[in-house]
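This report concerns only the one structure given below.
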2 protein chains.
Amino acid sequence: MNTASLPQLLNALSRAMLFEQRQAAVGAGLLPVQLAMLGYLRDANRYSNMPQCLAEYLGLTKGTVSQSLKILEERGWVLRQPDGADRRVVRLTLSEAGLTALERADDDAWRIAAQHLPANERERLRSLLTRLLSSWQQERNGKTFGVCRTCRHFRQGESSHQCGLTGEALSEADSEQICREHNLA
Amino acid sequence: MNTASLPQLLNALSRAMLFEQRQAAVGAGLLPVQLAMLGYLRDANRYSNMPQCLAEYLGLTKGTVSQSLKILEERGWVLRQPDGADRRVVRLTLSEAGLTALERADDDAWRIAAQHLPANERERLRSLLTRLLSSWQQERNGKTFGVCRTCRHFRQGESSHQCGLTGEALSEADSEQICREHNLA
DNA sequence: CATTTATAGTTTCGATTCGATACTTTAATT
DNA sequence: AATTAAAGTATCGAATCGAAACTATAAATG
């Protein structure tokens, strides 16, 4: 009695997140999509900072992304550099101004809300959500995006880590960035 | 090690939900907003089925809602009736066609994903999410929407229930509908 | 009771987003 | 060498969405 079903809760959560993001965006004087782009570019690793990745991550076409990026670049929030190896691709990075714009919008309602839960329950919630997301991912078996360290290909070492997919060495900072090849463990 | 933080998970969950909703909408030949409107109207109780509620629920202006409703009505998915008591307000209901359009789009990826969790863990997840959402709600102390039965004003009786806010009697069916005055227990 | 204010909703207008398509350039494949 | 694939841009049009003005009704205030 008096309990909401899991789908209902997920729905409510989703709406709450949207609400927060909209609030944060208008508070910083930008559009939700633009804020989402800045947020992604802050966290994306060096194999995931191309326009194409933004399109996949946000579910937009590359044409739309290209246009939005033009605006972000005009305002000096995003820098584009041609890639050294493949001259078709463009590397995107946040400028200082972009980073401060993003931080101004950074929202902590969820952090505060989460602190109302005791630490052990937070931990349990994290674990359960991880498994739920992982199941969803398998159900949809679509490519997803996530933080490198939480990927099933992530190999933790003592001093340095490694990507089991590319074999590449990963610094501590690398491990905290978003990767397009991510697969939740 | 190898754990995603709670904010990261919430973010991923939110994107996954958006993805699902978009998929469901285009699959049914309608726009995400339209699908969201139909879904809300199916579940809204008799005090929450006005255009204004839709605007609040979806975070749109009433102008936008009015325009989208016009389309939904033209297609025969939504019915509008003037309210008996207050002649300013319009009561919205789903037509049969609207209901079938909605059911065609009804998506079960989450249901399936949730079934990968054992029942006791689903229950635990539900409980934790409820508390997290409740905390968020208090943090933002904004009006929210939720199913009547899960409201702190809901008074459960043996044969019939009651709303502690309006004092009104609530049928079993009433208790399962979305109310604009909802406050998570 | 008259006047003012608030509320629900519609309409119009314009800005902006977003997708579809065609196109350019470069890389990969055959 | 020729073909195909991929990354990105540009252009165009449709449609969303918000802002503001407007109508009609209800509530509040004097």
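All values reported here derive from a predicted model rather than from experimental measurement. Each chain gets a letter, A, B and so on, in the order its sequence line appears, and its residues count up from 1.
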- Item | Residues, nucleotides or ligands: over 12 heavy atoms within 6.0 Å of E74(B) CD |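 Count over threshold, so yes.
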
Between [X] and [Y], is there a donor-acceptor pair closer than 3.5 Å when you use the side chain of the first and the backbone of the second?
X: S95(A); Y: G76(A); answer: yes
X: S135(B); Y: R131(B); answer: yes
X: E176(A); Y: A173(A); answer: no
X: N11(A); Y: Q8(A); answer: no
X: R42(A); Y: L99(A); answer: no
X: S68(B); Y: V65(B); answer: no
X: R80(A); Y: R91(A); answer: no

- Decide, yes or no, whether a salt bridge links E123(A) with R126(A) under the criterion of side-chain N to carboxylate O below 4.0 Å.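 Looking at E123(A) and R126(A), the cut-off is met.
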
- Item | Within residues 32-49 of chain B: residues closer than 4.0 Å to DNA chain C (heavy atoms) |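 Contacting residues: none.
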
- Going by heavy atoms closer than 4.0 Å, what residues in residues 64-75 of chain B are next to DNA chain C?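 Close to the strand are S66(B), K70(B).
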
- Message: As a quick check of understanding, evaluate side chain to side chain contact (heavy atoms under 4.5 Å, CB included) for L13(B) and L13(A), giving each step before the final call.
- Response: CA-CA 9 Å; L13(B) 195 64; L13(A) 194 64; 3.4 Å; yes

- Item | chain B footprint on DNA chain D, 5' to 3' - any atom under 4.0 Å from a heavy atom |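 Listing 5' to 3', DNA chain D meets chain B from dA15(D) to dA26(D).
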
- Query: Pick the nucleotide of DNA chain C nearest each of L60(A) and V89(B); which residue has the one closer to the 5' end?
  - Reply: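 The residue whose closest nucleotide sits nearer the 5' end is V89(B).
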
What's touching nucleotides 24-26 of chain C from the protein side, N or O pairs under 3.5 Å?
| from | atom 1 | to | atom 2 | distance (Å) |
| --- | --- | --- | --- | --- |
| dT26(C) | OP1 | R87(A) | NH2 | 3.4 |

- Start with the C-alpha distance between D174(A) and R149(A), add both sets of side-chain angles, then the distance that settles salt bridge (Lys or Arg N to Asp or Glu O under 4.0 Å), and finish with yes or no. CA-CA 8 Å; D174(A) 289 337; R149(A) 182 185 291 279; over 6 Å; no

- Message: Nearest whole Å is fine: how far is dC23(C) P from K62(A) NZ?
- Response: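 Checked: the NZ to P distance equals 14 Å.
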
- Message: Which label fits W136(A) and F19(B): parallel for a plane angle under 30°, tilted from 30 to 60°, or perpendicular past 60°?
- Response: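 Answer is perpendicular, since the angle exceeds 60°.
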
- Residues forming a salt bridge (Lys or Arg N to Asp or Glu O under 4.0 Å) with R104(A), sequence neighbours excluded: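 Per chain and number, R104(A) pairs via salt bridge (Lys or Arg N to Asp or Glu O under 4.0 Å) with no residue.
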
- Query: Which part of the nucleic acid, if any, lies within reach of R91(A) when heavy atoms closer than 4.0 Å are counted: base, sugar-phosphate only, or nothing?
  - Reply: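 Result for R91(A) = nothing.
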
- Item | From CH2 (W77(B)) to CG (L79(B)), nearest 0.5 Å |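 The CG atom of L79(B) is 13.5 Å from CH2 of W77(B), to the nearest 0.5 Å.
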
- Just how large is the angle between the end axes of the helix from dC1(C)-dG30(D) to dT30(C)-dA1(D), five pairs per end, to 10 degrees?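 For the helix from dC1(C)-dG30(D) to dT30(C)-dA1(D), the axes at opposite ends meet at about 30°.
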
- Task: Verify the distance criterion only: is there a donor paired with an acceptor across the side chains of S127(A) and T130(A) at less than 3.5 Å?
- Result: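 No pair is found: no donor N or O on one side chain lies under 3.5 Å from an acceptor on the other.
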
